[in-house]
Participant: 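Shown below is the structure under consideration.
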There are 2 protein chains.
Amino acid sequence: MTPQDHGPPNTAPRPQRLRDVARAAGVHPATASRALNPATRTQVNADTARRVLQVAKELGYRPNPVALALKTARSHTVGLVIPDLTNPYFPPIVRGIESELEPAGYHAWIVDTHNDPEREHSRVESLRERQVEGLIVATARREHPYLSALHAQGVPMVLVNRRVEDLAVPCVIPDDASGVVQAVRHLAELGHTRIAHIGGPATTSTGAMRTRAFRHAVRDLSLADDPALVTEAAEWSEEAGARAMRQLLDARARFTAVVTGNDLLALGCYDVFAERGIDCPGQVSVVGFNDMPFLARLRPALTTVRVPHHAVGAEAARMLLDGMATPARTARSLLLPVTLVVRESTAPPGRADGTAPLTA
Amino acid sequence: MTPQDHGPPNTAPRPQRLRDVARAAGVHPATASRALNPATRTQVNADTARRVLQVAKELGYRPNPVALALKTARSHTVGLVIPDLTNPYFPPIVRGIESELEPAGYHAWIVDTHNDPEREHSRVESLRERQVEGLIVATARREHPYLSALHAQGVPMVLVNRRVEDLAVPCVIPDDASGVVQAVRHLAELGHTRIAHIGGPATTSTGAMRTRAFRHAVRDLSLADDPALVTEAAEWSEEAGARAMRQLLDARARFTAVVTGNDLLALGCYDVFAERGIDCPGQVSVVGFNDMPFLARLRPALTTVRVPHHAVGAEAARMLLDGMATPARTARSLLLPVTLVVRESTAPPGRADGTAPLTA
DNA sequence: TTGTAAGCGTTATCAA
DNA sequence: TTGATAACGCTTACAA
């Protein structure tokens, strides 16, 4: 042992292999394999099978998943494509997914694309190389040639929180339209008539969806249907939300409430209110979307639309599992119900505390 | 095509294999392999190598990582063991880790243990079976026989945010002691003399560490060193923090400020303040730890200790990569500097707004 | 410098 | 019902 040689030696016990089990049980590896696999167990003598199982347990045998994947081209693994793991919206979805996947004997390979299409492409390729059997994709661009191609090739795939326009990829998404309607109706009931909208990027299906729903809702409720009141944020971030709100204000748009495409955008509005001394909800009411964690602790606590994160994930996983079992199936879209949770960021316009409604 | 047969057929192009490249280049697969691998490229004629590389590129050849892993027992993959992905503290660390891993050609397999030791065990085993070459572990229990055993067996491993007591496992952790000292000194400078502490579970190294640091700090600054002022939360959660705060209050402990083991615990205190009509920071000042996202938006904005999440992850990854390259290396501990970020939850005791300091 | 052949741990095909 | 044997796609002694 030289002075440099400090690290622990590799003393990891070599894992037991199939052949070890076979030898110990006095059978051929092929027989052991058949005995161990529930699907082929009937091909082997019941006593022999029992013995093999027993020995395998004693030796603590676990099949080598790598060898298995090489041989069968199946890995018992699915890929999770997440646009941004630091967005608190996604981890609960991941939990939901895993809660369904694991009882089915599958594990999830999580990749974070950082919202970068190139990175997404390369990470998905690497997932494919690693023989994932299916993909759950949470990145929300509307067009995605690469993924579309994969799906067309028969790669089992389900989209969460996103829908591809003219393509029949199964997806599970929150009922965006209903959420927006609930938000707008809530504001209308409070007495608002001029409601603005800060939508997410129209390049994302969610952004497009919610904005469209907003337009319809406002029209259906006979509220001000003024194009000047709807803007689009460049991305799903606080900064983008702030920019959009500033733009709305600077354009001297008249509104007393704003419905945003998601909570982050709403937080951006908060920032602008602080900058400009605008009182929320005194002068402007705000409704977010998603119900991220910790929103109830904000100043003011944000009124928002709650989406059932866990259920979204769980349903997506179930759908994928289904799709992997019976690949020939028509694509379904699952819409999960959302609920408005009213907190402190919404109030009647120009309420009794003496602040005037915001006009420009 | 039967009526049931709707799904897309599997038309995925078969990936190119080494033998395809070899054939197209007119060489034996072994030669192609050597040409493709930078480490063995010198063994092959420069022209031949060039040709092979060229052909490989044209065919879009990518080595099959599964076959590679089976053959070499290396997967170019490391396992990330995270206690709770929904805790916003961790995703930035994951980002930091990946930022170092990927340029080195490694990918991260993330597992979420849900803070469950059994689950941790089984997930780590599955990671091992999948031939991960190393482990980055962020679960914070102080004792962990299974992981300790793995490390002793020579499995490359680094701990983040955690240290194992008497075992020489390399780790990168925030400078907890310094953070606590900064917090206590800040409060002392504001005039507080009776400062309470709600520590994290003593079974976690971070919990034990920060509590110990608190005791020292309080003594060094000649503040009240009263055992009744230090409690331990049962877990790192808001509920546990709330319970601890209630207990402190119910025991009629006298204090005007509290330093908590992490931000979640501090949020629990906020809940109790709301319950009991206690004004923060008017009656009690609070300091958290970690600087989770969105803290600046709370009511009141939480004063806390910022830890350099990204750097923690990046350093850990670098350390692991080192350890994998040269396994024989003495364990190092890296302490990353933390900074106090003062916001609104701390103020002088019994400040000018007329509220009295909290006594019981 | 290149080719041959064995083998990583499994499963699947074929015979016995 | 079981065993022999050949893959899966790759690397690596060893031989040429």
Side-chain angles (χ1 to χ4, degrees), chain A residues 12-53 55-56 59-77 105 126 128-131 133, chain B residues 12-53 55-56 59-77 126 128-133:
Chain A
R14 202 164 183 291
Q16 300 290 333
R17 295 154 303 172
L18 182 61
R19 73 184 63 160
D20 301 318
V21 175
R23 191 176 313 128
V27 297
H28 190 274
T31 305
S33 170
R34 286 186 279 250
L36 259 5
N37 183 340
T40 50
R41 192 167 299 155
T42 52
Q43 300 173 19
V44 44
N45 180 298
D47 284 342
T48 315
R50 221 186 326 276
R51 185 155 35 96
V52 171
L53 256 8
V55 169
L59 295 185
Y61 170 74
R62 313 254 327 222
N64 179 327
V66 177
L68 226 128
L70 180 60
K71 180 62 188 170
T72 63
R74 303 187 54 205
S75 61
H76 286 229
T77 283
S126 122
R128 296 265 307 145
E129 285 169 356
R130 290 194 145 86
Q131 319 266 41
E133 297 180 37
Chain B
R14 202 163 183 291
Q16 301 290 332
R17 296 155 303 172
L18 182 61
R19 73 184 63 159
D20 300 318
V21 175
R23 192 176 312 127
V27 298
H28 191 273
T31 305
S33 169
R34 286 186 280 250
L36 258 5
N37 183 340
T40 51
R41 192 167 299 154
T42 52
Q43 300 172 20
V44 47
N45 180 297
D47 284 343
T48 316
R50 222 187 326 274
R51 185 155 34 97
V52 171
L53 257 7
V55 169
L59 295 184
Y61 170 74
R62 314 252 329 219
N64 179 326
V66 177
L68 225 131
L70 180 59
K71 179 62 189 171
T72 63
R74 303 187 53 203
S75 61
H76 286 231
T77 281
S126 120
R128 296 264 309 145
E129 285 169 356
R130 290 194 146 85
Q131 320 266 41
V132 297
E133 296 180 36

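So that the names make sense, note that chain A is the first sequence line, chain B the second, and so on, each numbered from 1. As the structure is a prediction and not an experimental result, all values here were calculated from the model.
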Participant: Kindly state which residues belonging to residues 21-46 of chain A come within less than 4.0 angstrom of DNA chain D, counting heavy atoms of the residue only, listed by number.
Facilitator: Val27(A), His28(A), Ala30(A), Thr31(A), Arg34(A), Gln43(A), Val44(A), Asn45(A)

Participant: Who passes side chain to side chain donor-acceptor pair (under 3.5 Å) against Arg130(B), sequence neighbours left out?
Facilitator: Thr77(A)

Participant: Gln43(A): what forms a side chain to side chain donor-acceptor pair (under 3.5 Å) with it, not counting sequence neighbours?
Facilitator: none

Participant: My understanding is that only residues two or more places apart in sequence, or in another chain, count here; which of them pass side chain to side chain donor-acceptor pair (under 3.5 Å) with Thr31(A)?
Facilitator: none

Participant: Looking at every non-hydrogen atom in both residues, tell me the closest pair between Val66(B) and Gln131(A) and how far apart they are.
Facilitator: CG2-CG, 3.4 Å

Participant: In this structure, how many angstroms lie between the C1' atom of dT11(C) and the CG atom of Asn64(A), rounded?
Facilitator: 13 Å

Participant: Are the side chain of Glu133(A) and the backbone of His76(A) linked by a donor-acceptor contact shorter than 3.5 Å?
Facilitator: yes

Participant: Hey, could you give me the CD/CZ distance between Gln16(B) and Arg23(B), rounded to the nearest 0.5 Å?
Facilitator: 9.5 Å

Participant: With nearest nucleotide decided by heavy atoms, which residue, Leu68(A) or Arg51(B), maps closer to the 5′ end of DNA chain C?
Facilitator: Arg51(B)

Participant: Under 4.0 Å, heavy atoms only, any strand: does Arg14(B) hit a base, just the sugar-phosphate, or nothing?
Facilitator: sugar-phosphate

Participant: Mark yes or no for a side-chain to base donor-acceptor pair under 3.5 Å between Lys71(A) and dT10(C), with no hydrogen or angle criteria applied.
Facilitator: no

Participant: I need the minimum non-hydrogen distance between Ala56(A) and Leu36(A), along with the two atoms involved.
Facilitator: CB-CD1, 4.0 Å

Participant: Take the C1' atoms of the five end pairs on each side of the helix from dT1(C)-dA16(D) to dA16(C)-dT1(D), derive the two axes, and give their angle rounded to 10 degrees.
Facilitator: 50°

Participant: Starting at the 5' end of DNA chain C, which residue's closest nucleotide do you reach first, Thr72(A) or Thr72(B)?
Facilitator: Thr72(B)

Participant: Under the side chain to side chain contact (heavy atoms under 4.5 Å, CB included) test against Tyr61(A), which residue among Val55(A), Val52(A), Leu53(A), Leu18(A) passes?
Facilitator: Leu18(A)

Participant: Which whole-number value in Å describes the distance from Leu70(B) CG to dG7(C) P?
Facilitator: 14 Å

Participant: Please report, rounded to the nearest Å, how far the C1' atom of dT10(C) is from the CD atom of Gln131(A).
Facilitator: 13 Å

Participant: Could you tell me whether a side-chain N or O of Arg41(B) sits under 3.5 Å from a main-chain N or O of Ala35(B), the two making a donor and an acceptor?
Facilitator: yes

Participant: NA contact type, Leu18(B), heavy-atom cut-off 4.0 Å: base, sugar-phosphate, or nothing?
Facilitator: base

Participant: Base, sugar-phosphate alone, or nothing: which one does Arg74(A) contact when heavy atoms must sit under 4.0 Å apart?
Facilitator: nothing

Participant: Below 4.0 Å from chain A heavy atoms, what is the first contacting nucleotide of DNA chain D and what is the last?
Facilitator: dT1(D) to dG9(D)

Participant: Lys71(B) versus Leu68(B): any side-chain heavy-atom pair under 4.5 Å?
Facilitator: no

Participant: I need the minimum non-hydrogen distance between Val27(A) and Arg51(A), along with the two atoms involved.
Facilitator: CG1-NH1, 4.2 Å

